[in-house]
2 protein chains.
Amino acid sequence: MRPNLKDMESRYNEKQVQILSVAERLFSEQGFSGTSVRDIAGAANVNVAMISYYFGSKEKLLEAIFDYRISSTAIQMEHLLAQTHVDPFEKIEMLVDHYVDKLQNNTCFFKIMQSEHMKGHGNKDLDGIIFQSKKKNFDLISALIAEGQKKGLFKKNIDVSLMVSTLVGASNQIYIGQQYYKRLHELDDMPEEKFQQLLKKRMRVFLKNMFKAILTYEL
Amino acid sequence: MRPNLKDMESRYNEKQVQILSVAERLFSEQGFSGTSVRDIAGAANVNVAMISYYFGSKEKLLEAIFDYRISSTAIQMEHLLAQTHVDPFEKIEMLVDHYVDKLQNNTCFFKIMQSEHMKGHGNKDLDGIIFQSKKKNFDLISALIAEGQKKGLFKKNIDVSLMVSTLVGASNQIYIGQQYYKRLHELDDMPEEKFQQLLKKRMRVFLKNMFKAILTYEL
DNA sequence: AATTATTAATTAAACGTTTGTTTGAATGTT
DNA sequence: AACATTCAAACAAACGTTTAATTAATAATT
């Protein structure tokens with residue numbers, strides 16, 4: 001699965017994008033420590049020294065990937081939920097669609113994010129970046145939930161953190177483990193593109209129903 | 001967070017358990033590639049050579065961790081869902097309780113599992129072990145769902161894979177990211193033990209309600 | 001427009017560490 | 001005596017990063 005190049009081409013030149021893109025893919029496949037700068041340089045067809053030259057270090061290369069990817073997604077989410085004329089249920093649907101899209105188009109980055117998230121206390125800078133991103137999502141979705149509750153559409157006593165973790169965790173788990181989904185459902189013969197469409201459709205339906213259920217279901 | 005020692009003490013001697021236990025913790029904190037055999041040896045207070053001596057290689061040490069942890073959990077799950085006199089709703093509750101318990105007592109291993117799951121095509125042996133474990137869980141839960149549907153308790157058209165992924169993904173996400181949960185809810189001052197209890201209780205309620213909702217909610 | 005001066009990009013080679021693993025001798029246990 | 005354990009030391013290979021020399025591109029000066 002290849003990273004989404006287009007978004008990177010503004011701040012960095014062609015060669016830098018090449019390095020960032022390759023690094024993103026390799027980090028996602030082999031982990032940060034499991035990927036050497038020589039792996040990256042080799043796959044990106046550049047000299048090893050270019051990585052230090054452009055990014056300073058391997059660590060800072062990772063930060064560069066995070067820095068951009070996070071800022072680009074946070075803005076879109078804010079935009080999405082700011083629309084006042086859309087009713088809360090529809091916003092939930094938009095939220096799910098948006099997240100699934102992002103996940104499908106940035107699978108590599110989401111994997112890296114999940115990895116770094118698990119390590120925790122590794123890189124202080126990264127930890128800050130990740131927390132800020134989580135906080136923003138939490139606040140945005142909290143507001144959405146509150147709006148729905150105020151209008152009497154959603155039930156009371158909703159733990160937003162658990163809800164967001166469920167969206168993120170469930171989606172990532174499904175996406176990351178899509179090869180298992182394929183094998184379990186004996187879909188190995190299906191062409192890759194068809195399978196991606198199928199998975200996306202099923203995920204959307206499933207997640208939307210799940211959230212409607214969570215938000216309205218009373219014992 | 002320390003690994004759960006007790007389960008390992010049958011097959012391995014004291015020193016081996018010491019190594020396995022320390023390795024499990026370090027792998028979960030720093031990743032497999034991010035942890036050196038000298039890190040492990042140092043933290044376990046044994047000579048570096050002991051790791052090769054007892055386990056053959058770093059890779060096989062990881063496999064040893066997997067081998068045991070997986071087999072010990074699979075059996076319990078089977079036992080749990082085999083009870084014929086318990087109704088499907090109650091089984092769902094037991095399933096959630098069991099999973100949350102396992103997760104809380106084996107957080108280290110679950111992290112490693114998640115990491116290896118993400119890398120995918122790394123270690124062939126491990127891939128097989130993980131898939132078999134997933135398949136078993138899938139089959140067991142499929143049977144449970146079918147039973148509930150047959151009795152008219154659950155709705156039709158439930159995608160078991162997505163449901164299992166949701167349980168696993170959501171729970172892991174919450175647990176792995178519990179430091180964020182703490183910070184977002186301003187629970188930093190709460191004693192660790194109290195917080196663990198709180199989180200466990202909230203997770204159980206949340207997951208149970210979620211599954212009941214998923215299994216019964218119609219548009 | 002041609003030449004020079006300046007900066008940027010690129011390279012192969014080398015740097016000192018750290019990596020996983022092995023060795024062979026020493027010690028403990030049966 | 002035979003076997004299992006432990007150890008410091010050594011191994012080659014891989015690691016991230018730097019160096020110093022060279023080429024390419026850009027700016028400045030004639």
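Each chain gets a letter, A, B and so on, in the order its sequence line appears, and its residues count up from 1.
Toward the 5' end of DNA chain C, the nearer of the two residues A:Arg38 and A:Ala49, judged by each one's closest nucleotide, is A:Ala49.
Taking atom CG of residue A:Asn13 and atom C1' of nucleotide C:dT10, one finds them 13 Å apart after rounding to whole Å. Between B:Tyr12 atom OH and D:dA4 atom C1' the separation is 18 Å, expressed in whole Å. Rounded to an integer number of Å, the gap from B:Phe55 CZ to C:dT21 C1' is 16 Å. The distance between atom CE of B:Met50 and atom P of D:dA8, rounded to the nearest whole Å, is 12 Å. Rounding to whole angstrom units, CD of residue B:Gln30 and C1' of C:dT19 are separated by 14 Å. Atom pair B:Ile51:CD1 and C:dT19:P shows a separation of 12 Å (rounding to whole Å applied). What separates CG of B:Leu61 from C1' of C:dT19 is a distance of 16 Å, to the nearest Å. Atom CD1 of A:Ile19 is separated from atom C1' of C:dA9 by 11 Å (rounded to the nearest Å).
Distances shorter than 4.0 Å separate some side-chain N or O of B:Lys15 from OP1 or OP2 on D:dT6. Listed pair B:Asn47 / D:dA8 meets the phosphate criterion, a side-chain N or O lying under 4.0 Å from OP1 or OP2. Of the side-chain N and O atoms in B:Tyr53, none sit less than 4.0 angstrom from OP1 or OP2 of D:dA4. Distances shorter than 4.0 Å separate some side-chain N or O of B:Ser36 from OP1 or OP2 on C:dT19.
Among the atoms of the strands shown, none is found under 4.0 Å from any heavy atom of A:Ser33. Counting any heavy atom pair closer than 4.0 Å across all strands shown, A:Tyr54 reaches sugar-phosphate atoms only and no base atom. Using a 4.0 Å heavy-atom criterion, one finds that A:Ser52 contacts the bases of the nucleic acid, with or without backbone contacts as well.
At least one side-chain heavy atom of A:Tyr181 sits under 4.5 Å from a side-chain heavy atom of B:Asp159.
A donor atom on one side chain and an acceptor atom on the other are not found under 3.5 Å apart for B:Gln197 and B:Glu193.
Relative to the six-membered ring of B:Tyr54, B:Lys15 misses at least one condition, a distance below 6.0 Å or an angle of at most 45° to the axis. With A:Phe55 as the aromatic partner, A:Lys60 does not meet the cation-pi criteria of under 6.0 angstrom to the ring centre and within 45 degrees of the ring axis.
A:Lys111 contributes no side-chain N or O that, together with a main-chain N or O of A:Asn106, makes up a donor-acceptor pair within less than 3.5 Å.
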